[in-house]
Amino acid sequence: MGTAERHKASGSGKGEAERGAAPGVAPRGDDRPAPRPPLWVEEPARRRRLPDPVRTAAVRAVILVAVTLVQAMVAFLTALAGSWLSFPMVLSSVASTIVATWGVLDVWVTRQVWKQRHGVVSAPSSTARQLRRERRRARRHARAAARGKVGIRMRVRRRGGAGQLSHS
């Protein structure tokens, strides 16, 4: 019995297994396999992805550090073997260490610059954000109150109030 025939038998109402079954006995289910769980389940990322400039600096730093480690290992092994390559490899390892240090510092500086330019994302319920809002609101009220007092004084002076001898 092929798949198409099984499909027709299950669609016709009662299959052969159900017709011959004794009363009280549960009918045998169809031959379809039980549904499997999905192969790929999306899980939320635990940390945000690094910004592009920071990521490129980090990749560059990892490559520089890896090359430096390989050079240091080769310099050590050539020194043990007493090869003439030992001295040039030590010199290049020193230079490579300086470059790798620069690469790691570049990641740190790039990250700080990116944070400064694009701001740090904070949650809406952040305490710091709430305090900043309150301070801003207080400053606005103080400015508005100061403007109100200055505005009244300026109006009195313009109308020729006390302290003004002429209209010049």
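All values below were derived from every heavy atom in this structure, side-chain atoms included, with hydrogens, water molecules and symmetry-related copies excluded. What you are looking at is a predicted structure, and each value in this text was computed from that prediction instead of being measured.
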S.K.: Starting at OG1 of T78, measure out to CD of Q71 and round the result to the nearest 0.5 Å.
M.R.: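 That separation rounds to 11.0 Å.
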S.K.: Treating Ile, Leu, Val, Met, Phe, Trp and Tyr as nodes and any side-chain heavy-atom pair under 4.5 angstrom as an edge, say whether L80 and M73 lie in one connected cluster.
M.R.: yes
S.K.: Testing V67, V62, L69 for side chain to side chain contact (heavy atoms under 4.5 Å, CB included) with V65, which one passes?
M.R.: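 Passing option: L69.
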S.K.: Only counting residues at least two apart or in another chain, list the ones meeting salt bridge (charged side-chain N to carboxylate O under 4.0 Å, His left out) with R111.
M.R.: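 With neighbours one apart ignored, the set is empty.
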S.K.: Can you see which heavy atom on L85 is nearest to which on P88, and at what distance?
M.R.: O-CD, 3.3 Å
S.K.: Counting only N and O atoms by type, is there a donor-acceptor contact under 3.5 Å from the side chain of T97 to the main-chain atoms of S93?
M.R.: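 Between the backbone of S93 and the side chain of T97 there is a qualifying donor-acceptor contact (under 3.5 Å).
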S.K.: Answer yes or no: does atom CD of Q116 have more than 12 heavy-atom neighbours from other residues, nucleotides or ligands under 6.0 Å?
M.R.: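 Incorrect, the count does not exceed 12.
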S.K.: Among residues at least two apart in sequence or on other chains, which ones pass side chain to side chain contact (heavy atoms under 4.5 Å, CB included) with T56?
M.R.: R60
S.K.: Grab the two heavy atoms, one from G103 and one from A61, that are nearest each other, plus how far apart they are.
M.R.: O-CB, 3.6 Å
S.K.: For R36, enumerate each residue passing the side chain to side chain contact (heavy atoms under 4.5 Å, CB included) test, keeping only those at least two apart in sequence or located in another chain.
M.R.: none
S.K.: Would a 4.5 Å heavy-atom cut-off, applied to side chains only, mark R135 and R139 as touching?
M.R.: yes
S.K.: Rounded to the nearest 0.5 Å, what separates atom CD1 in I98 from atom CG in L64?
M.R.: 13.0 Å
